[in-house]
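Note sheet for the following structure.
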Amino acid sequence: MTEPAPTPAGMRPGRRRAPAGGWRTATVREVARPTPRTVRLRLEVPDRVDHLAGQHYVVRLTAEDGYRAQRSYSLASSPGDPLVELLVERLDDGEVSSYLADVVEPGDTLEVRGPIGGWFVWEGDEPALLVGGGTGVVPFVSMLRTAQELGRGDLLRVAVSTRTLAELPYADELRAAGALVVTTREPSGIRPAGRLTAPDLVPLWEPGQTAYVCGSTPFAEAAGQLLVGLGVPAADIRVERFGPSGTSG
């Protein structure tokens, strides 16, 4: 699915300008490994610019010889969280993700820039349908946490697809928020293993919602097609995808 051209500075039509921040030196305060292939980092960022749910940060690494590599990671934290929370999926050939997953410890410092992005943000004041695949659920965790802080959990409905429940980051938090969780490689309760389908989304969709889709390129394209097939206007669908040349690695 092709995203419509955003308004200047990435701002969505009719919305306020999304916040943006420059480079900072962040201190790692917490490191956890919630699933076998992910690491959750909680960072203290001095003089940080408060973000909107759906934005991301860039992490930059610099080697002793001056070589630099950087990757973008969605924010899981809400704007009210005193720390910035990122979830990183470790890729076998990922220059940045392997370092963050295998080497970084509490007390280390990282170069970060953010928040970034204005197209995929949720400002906490409109109903939305969130459709995520795998680690594509991360920005939706930020949206759910924001909704809880605002007392507006009623605005969000969530559908998630994952290979197995053990591989799904934030699984307990998502299910506690009422998310529909579909597993493609194992049964889920009485439901057999299988992909997310249009009938899954029908009871979650209501006119007036904005649909947010996040996941790998194949997942994002398939989910976008499901929504369009159900009659969701293309202008009401926001898509963020990742892959070998996408937002993580």
Side-chain angles (χ1 to χ4, degrees), residues 1 32-40 53-56 73-78 85-90 120-122 127-148 152-206 209-230 232 236-243 246-248:
M1 177 175 298
R33 293 173 176 80
T35 72
R37 297 192 62 84
T38 62
V39 60
R40 184 174 65 239
Q55 291 190 288
H56 61 275
Y73 298 102
S74 295
L75 287 150
S77 45
S78 68
E85 183 171 321
L86 307 177
L87 185 95
V88 177
E89 181 178 15
R90 189 192 189 285
F120 202 72
V121 299
W122 183 72
L129 171 61
L130 316 179
V131 184
T135 55
V137 304
V138 176
F140 300 152
V141 171
S142 178
M143 294 178 188
L144 287 169
R145 291 174 174 178
T146 299
Q148 290 169 359
R152 295 307 312 268
D154 60 299
L155 290 176
L156 300 180
R157 296 183 178 181
V158 189
V160 173
S161 177
T162 180
R163 286 163 50 95
T164 68
L165 192 60
E167 295 175 79
L168 179 64
Y170 304 102
D172 290 343
E173 191 170 345
L174 289 163
R175 292 197 295 179
L180 167 68
V181 178
V182 172
T183 49
T184 63
R185 299 297 177 89
E186 65 182 11
S188 178
I190 62 172
R191 181 193 178 107
R195 297 181 183 278
L196 193 68
T197 66
D200 293 323
L201 299 178
V202 168
L204 302 178
W205 169 255
E206 290 185 357
Q209 289 175 328
T210 298
Y212 294 80
V213 176
C214 186
S216 66
T217 295
F219 173 85
E221 291 178 351
Q225 290 171 1
L226 285 179
L227 291 167
V228 170
L230 289 173
V232 180
D236 293 338
I237 302 174
R238 314 283 174 188
V239 179
E240 183 166 278
R241 67 197 78 199
F242 55 80
T247 59
S248 62

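- In plain terms, the two heavy atoms of G215 and A220 that are nearest each other are O-CB, 4.3 Å.
- Dense packing is recorded around CZ of R33, with more than 12 heavy atoms of other residues, nucleotides or ligands lying under 6.0 Å away.
- Atom CG of L129 and atom CD of Q209 lie 5.0 Å apart (nearest 0.5 Å).
- Remark: L227 CG to I237 CD1 distance equals 5.0 Å, nearest 0.5 Å.
- Two residues are said to be in side-chain contact when any heavy atoms from C-beta on lie closer than 4.5 Å; F219 and V131 meet this criterion.
- Between A159 and L201 the shortest heavy-atom distance is CB-CD2, 3.8 Å.
- Using a 4.0 Å cut-off between a side-chain N of Lys or Arg and a carboxylate O of Asp or Glu, D200 and R191 qualify as a salt bridge.
- Every residue meeting the salt bridge (Lys or Arg N to Asp or Glu O under 4.0 Å) condition with R175, not counting sequence neighbours, appears here in chain and number order: D172.
- Remark: E173 pairs with R145 by the salt bridge (Lys or Arg N to Asp or Glu O under 4.0 Å) rule, at least two apart or across chains.
- Here the OG-CG distance, from S161 to L168, works out to 9.5 Å after rounding to the nearest 0.5 Å.
- Side chain of R238 to backbone of C214: no donor-acceptor contact under 3.5 angstrom is found.
- The two atoms that bring Y170 and V138 nearest to each other are CE1-CG2, 4.4 Å, heavy atoms only.
- For the residue pair P169 and L174, the shortest heavy atom distance occurs at O-CD1, 3.7 Å.
- Side-chain contact check for T146 versus W122: some heavy-atom pair is nearer than 4.5 Å.
- Contact of the P127 side chain with the L156 side chain is not registered, since no non-hydrogen atoms from C-beta on lie closer than 4.5 Å.
- A pairwise comparison of heavy atoms in S77 and S142 identifies O-OG, 2.7 Å as the closest pair.
- Residues R241 and V239 are in side-chain contact: their nearest non-hydrogen atoms beyond the backbone lie under 4.5 Å apart.
- A 4.5 Å side-chain heavy-atom check between L130 and V137 finds every atom pair outside the cut-off.
- To the nearest 0.5 Å, the span separating CE on M143 from OG on S78 amounts to 13.0 Å.
- With contacts defined as side-chain heavy-atom distances shorter than 4.5 Å, the pair S188/V182 does not qualify.
- The backbone N or O of R185 lies less than 3.5 Å from no partner atom in the side chain of T183, so there is not a single donor-acceptor pair.
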**Message:** The test is salt bridge (Lys or Arg N to Asp or Glu O under 4.0 Å); show your working for E186 and R163 and say whether it passes.
**Reply:** CA-CA 7 Å; E186 65 182 11; R163 286 163 50 95; over 6 Å; no

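- A side-chain donor-acceptor contact under 3.5 Å links Y212 to the backbone of V121.
- Closest approach of H56 to S74, counting heavy atoms only: CB-CA, 3.8 Å.
- Partners of T38 by side-chain hydrogen bond (donor to acceptor under 3.5 Å, both in side chains), not counting sequence neighbours, listed by chain and number: T35.
- Taken to the nearest 0.5 Å, the CG atom of L180 stands 6.5 Å off from the CG atom of L196.
- Looking at L226 and E221, their side chains never come closer than 4.5 Å, going by heavy atoms from C-beta outward.
- Between the CZ atom in R40 and the CD atom in E85 there is a gap of 5.5 Å [rounded to 0.5 Å].
- Using a 4.5 Å heavy-atom cutoff, the side chains of R152 and L155 are in contact.
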